[in-house]
Amino acid sequence: MTQMSAPLAEDQMKEWSSEQSRLRGLVIQHDTEPWQQDPHFSGLKRVAGVDLSFIKGDDASACAQLVVLSYPQLEVLYEDSQMVALTAPYITGFLAFRETPFLLEALKRLQENKPGLMPQVVFVDGNGLLHYREFGIACHLGVLSGLPCVGVAKNLLNVEGLAKNEEHRSKIAALQKGGDSFPLTTSSGKVLGKALRSWDKSSKPVYVSIGHKISLDTAVKLTHSCCRYRVPEPIRQADIRSREYLRSHFPPADT
DNA sequence: GCGACAG
DNA sequence: ATCTTGTCGC
């Protein structure tokens, strides 16, 4: 009889690593949709954002959020908040194994309840190809859902020589206005993403990378076009609404 | 060995 | 991710 046992953390990470390497080959790094070819993204009507928010002392309970916004108006057309019980811990490089299952469930609910509102592209809070094994959560969600995805991280993941060193800070300082960007090139010369000044009033950039079914330049341009503030509106709305859900359903513990 | 490390 | 108010500036 085959015995199953909870793998040690290190073995679990090895399994996850090979899973990421396997799925990495399924990522499509070019524009596959008609609207992506158009200078003004004509034909793009719905963009989504996903995020998970947690309660302070509980890292196992979270509110999984999916929002669909109109484009280019960026008004919320659909919202889904769902409390979920996470099983996987947060380990840098393996964020997808912790959060993706619940994001896929949210997309599934959308498909069943409002199929007409299925998004044409999903913004994910985190990285895509800008990852240790070039398969961050944006790629993971993209490959498993089949939807075009863009990864937008608020902090730089230190992969293959990328770091917030002097040279990096210098390049950031050179970003003059919203829309300006520079490539994030690894020590081996590969471009894994771009640092983007998402709007005029932010000195701190966001890190954009390919998730699935979109080119890097299109992802950067689209991200900029979805920014009212530093963080793309779809992700920002998902964050705001999931936190609001927690505030109203799980009031801070009193004395 | 030490530090760094998406959310 | 989360703990946290006001404050300075456009």
Side-chain angles (χ1 to χ4, degrees), chain A residues 9 13 16-17 20 24 49-66 81 83-103 106 122-142 149-169 177-178 184 186-187 192-196 198-212 219 223 228-232 234-236 238-247 250-255:
Chain A
M13 289 169 69
W16 283 345
S17 291
Q20 293 177 324
R24 169 67 180 79
V50 290
D51 189 34
L52 261 69
S53 285
F54 299 77
I55 302 177
K56 55 180 180 180
D58 187 353
D59 67 335
S61 299
C63 175
Q65 188 77 31
L66 166 63
S81 306
M83 287 307 296
V84 298
L86 292 76
T87 54
Y90 169 67
I91 300 175
T92 300
F94 301 99
L95 175 64
F97 293 95
R98 177 169 166 77
E99 305 190 348
T100 299
F102 308 103
L103 302 180
V122 180
F123 280 95
V124 184
D125 201 351
N127 296 302
L129 291 182
L130 181 48
H131 177 272
Y132 305 118
R133 288 161 296 282
E134 298 184 15
F135 198 73
I137 188 170
C139 296
H140 209 121
L141 182 64
C149 287
V150 176
V152 180
K154 296 181 289 296
N155 292 293
L156 178 64
L157 183 60
N158 295 183
V159 39
E160 284 193 73
L162 293 176
K164 299 169 190 167
N165 50 35
E166 289 308 316
E167 182 184 3
H168 186 73
R169 298 186 182 191
K177 57 184 177 57
L184 297 168
T186 65
S187 48
L192 294 187
K194 287 193 173 185
L196 166 73
S198 52
W199 68 309
D200 292 332
K201 299 177 183 178
S202 71
S203 56
K204 187 176 180 180
V206 290
Y207 300 93
V208 181
S209 59
I210 290 175
H212 190 49
T223 297
R228 279 220 239 278
Y229 301 101
R230 180 182 173 236
V231 175
I235 291 178
R236 180 167 170 273
D239 179 76
I240 290 175
R241 289 161 191 260
S242 56
R243 283 205 241 189
E244 166 57 27
Y245 183 90
L246 291 180
R247 273 196 305 141
F250 301 89
D254 203 318
T255 161

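Note that this is a predicted model, so its numbers are computed, not measured. Here is how names work: the chains are called A, B, and so on, in the same order as the sequence lines, proteins then strands, and each is numbered from 1. Atoms considered below: every heavy atom in the structure, side chains included; atoms not considered: hydrogens, waters and symmetry mates.
The side chain of A:Arg243 approaches C:dT2 more closely than any other nucleotide in the set C:dT2, B:dG7, B:dA6. The side chain of A:Asn158 approaches B:dA4 more closely than any other nucleotide in the set C:dT2, B:dG7, B:dA4.
Across all strands, A:Phe97 comes closer than 4.0 Å to no nucleic acid atom at all (heavy-atom distances). Residue A:Ile137 is in base contact, counting any heavy-atom pair closer than 4.0 Å across all strands shown. Among the atoms of the strands shown, none is found under 4.0 Å from any heavy atom of A:Gly57. Counting any heavy atom pair closer than 4.0 Å across all strands shown, A:Lys201 reaches no nucleic acid atom. Within the 4.0 angstrom heavy-atom criterion, no nucleotide atom of any strand lies near A:Asp59.
Taking side-chain N and O atoms only, A:Asn155 has a distance below 4.0 Å to OP1 or OP2 of B:dG7. Residue A:Lys154 places no side-chain N or O under 4.0 Å from the OP1 or OP2 atom of B:dA6. Listed pair A:Lys56 / C:dT4 fails the phosphate criterion, with no side-chain N or O lying under 4.0 Å from OP1 or OP2. Regarding contacts with the backbone of C:dA1, every side-chain N or O of A:Ser53 stays at 4.0 angstrom or more from both OP1 and OP2.
Atom CG in A:Asp125 sits about 10 Å away from atom C1' in C:dA1, given to the nearest Å. Between the CG atom of A:Leu130 and the P atom of B:dC5 there is a distance of 13 Å, rounded to whole Å. B:dA6 atom P lies 18 Å from atom CG of A:Leu103, rounded to whole Å. With rounding to whole Å, A:Tyr90 atom OH is found 5 Å from B:dG7 atom C1'. Nucleotide B:dC5 holds its C1' atom 11 Å from the CG atom of A:Asn127, rounded to whole Å. Here the P atom of nucleotide B:dG7 and the CG atom of A:Asp51 are 10 Å apart, to the nearest Å. In this structure, A:Ile240 atom CD1 and C:dA1 atom P are separated by 13 Å, rounded to whole Å. Between the CD atom of A:Gln20 and the C1' atom of B:dA6 there is a distance of 12 Å, given to the nearest Å.
Between A:Ser81 and A:Gln65, the side chains place a donor N or O and an acceptor N or O closer than 3.5 Å (distance only, hydrogens not considered).
Nearest heavy atom pair, residue A:Ala138 against residue A:Val150, reads CB-C, 4.0 Å.
Between A:Leu157 and A:Tyr132 the shortest side-chain heavy-atom distance falls below 4.5 Å.
Atoms OH and CG, on A:Tyr90 and A:Leu52 in that order, are 13.0 Å from each other to the nearest 0.5 Å.
Checked by atom type and distance alone, the side chain of A:Arg230 pairs as donor or acceptor with a backbone atom of A:Lys204 at under 3.5 Å.
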